[in-house]
Amino acid sequence: MNTQESRVRLEVSLAKLRHNFETIAERVTPAGVVAVLKANAYGLGVRPIAKLLAGCGAAGFGVAEVNEALELTGLGLPVRILGNLLPGEIEAAVANDIICPVCDLEGAERLNAEAARQNKNIRIQIAVDTGMGRLGFRYETALPQILKLKTYSNLTPFGIFSHCPVAYSKYDSFTALQIERFKQLIASLQENGMTFVERHMAASDAINNFPASTLAPFNMVRTGINLYGYCDNEVAHTMDLQGVVELKTRLAAVRKLPAEATIGYGRTYKLRKNTIVGTIAAGYADGLPLALSNRGYVLINGKFCPILGRLSMDYTTVLLDEVPEAKCGDEVVCIGTQGENSILLEEWAQLKGTHAYELLCSFGSRVKRIYV
Ligand SMILES: Cc1ncc(COP(=O)(O)O)c(C=O)c1O
């Protein structure tokens, strides 16, 4: 067994995760909260996070594919696949009683045939495209198609859901329109004798900005990024959420370099004077964006140390002017707080021109996830 400490550690705060879950649950109550744990809980490690959220009262889990669903089936909560099922995934989804998505009649046909073959009745969740433009029955033509699903004897229509692409602020008229479209469809289905145990459309953005998407007829929300304390860049934050991750490594070397020495691949930084520099044991293989080259900072002994030159796969060079006492083995905070100072994931996102989702999903496979 490998008992060696990992060079780079991603510390995930379970207390902050709990705080975020409770804050969201309080905001949307009486609606239930489905925790979105796809892509290994956005890169943070699915099992410990799922266990904690199950204990906090999550109504269920949402994932992208069958393999992810199978990791969660033993925790006593319903697991649903949020996108679409590929033909090769149907057999396992049915065998394991996953709540299956239905995005079109062809998919329903395949699912029903497999459920019949396994002599099972499968709960389905119907996807409606009210404006996301990705998957599901288009809202304009959905009514007769969804009513047809009643005729599939091995499928039980259990949920209906839609998704919002721009619920970034409460003034967004497109999201308001989507909510109206979806409510009308649900009402028309009800008039035609088709009702659903679960009705939902709000993910993190809409939870922040569109209370109407969390109230009746809706009785469930699906949240991912807010659980982890982050938001999409343009989203107006309306809840007190706390970022759950800190990324830490150690100083691998402290060196005195002469004036005119250049740093790293491409020689993009030249020292103007004799300088003490540090080499930290983390690079882009650990998830540090290349965009931090010559622009980002780390924290050592509580002080900001600028990144010099282009960072490489395993190492990054930093200026130690502010901490001449630093030595090999000292802790380096890449994201998080040390002493009085902090570096936020959002600052990385800004430097890279991306969002928190991509950064969370990009921490390297050798980075040890630690739950604190
Ligand atoms: C259908 C669906 N619901 C919910 C979510 C969760 O979104 P967020 O992480 O923005 O809360 C996603 C994520 O992309 C999704 O695709």
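In what follows, residues are counted from 1 in the order of the sequence shown. None of the values given here were measured: they were computed from a predicted structure. We count ligands from 1, going down the list as the structure has it; atoms in each ligand are counted the same way.
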Are the side chain of T275 and the backbone N or O of K273 linked by a donor-acceptor pair below 3.5 Å?
yes
Are I343 and L241 grouped together when hydrophobic residues (ILVMFWY) are joined by side-chain heavy atoms under 4.5 angstrom apart?
yes
Hey, does the side chain of T249 reach the backbone of A281 with a donor-acceptor pair shorter than 3.5 angstrom?
yes
Ionic contact status for K368 with E5, cut-off 4.0 Å:
no
Compile the donor-acceptor pairs under 3.5 Å between side chains in residues 39-59 and protein atoms, sequence neighbours left out, one pair per line.
{"from": "N40", "atom 1": "OD1", "to": "V46", "atom 2": "N", "distance (Å)": "2.9"}
{"from": "R47", "atom 1": "NH1", "to": "E71", "atom 2": "O", "distance (Å)": "2.7"}

So what's ligand 1 close to, N/O to N/O, under 3.5 Å?
{"from": "ligand 1", "atom 1": "3 (N)", "to": "R222", "atom 2": "NE", "distance (Å)": "2.8"}
{"from": "ligand 1", "atom 1": "3 (N)", "to": "R222", "atom 2": "NH2", "distance (Å)": "3.4"}
{"from": "ligand 1", "atom 1": "9 (O)", "to": "Y42", "atom 2": "OH", "distance (Å)": "2.5"}
{"from": "ligand 1", "atom 1": "9 (O)", "to": "I225", "atom 2": "N", "distance (Å)": "2.8"}
{"from": "ligand 1", "atom 1": "10 (O)", "to": "Y357", "atom 2": "OH", "distance (Å)": "2.6"}
{"from": "ligand 1", "atom 1": "11 (O)", "to": "S204", "atom 2": "N", "distance (Å)": "3.0"}
{"from": "ligand 1", "atom 1": "11 (O)", "to": "S204", "atom 2": "OG", "distance (Å)": "2.5"}
{"from": "ligand 1", "atom 1": "11 (O)", "to": "G224", "atom 2": "N", "distance (Å)": "2.9"}
{"from": "ligand 1", "atom 1": "14 (O)", "to": "K38", "atom 2": "NZ", "distance (Å)": "2.7"}
{"from": "ligand 1", "atom 1": "16 (O)", "to": "K38", "atom 2": "NZ", "distance (Å)": "3.2"}
{"from": "ligand 1", "atom 1": "16 (O)", "to": "R134", "atom 2": "NH2", "distance (Å)": "3.0"}

Could R9 and E331 be called an ion pair, given the rule that one side-chain N must be under 4.0 Å from one carboxylate O?
yes
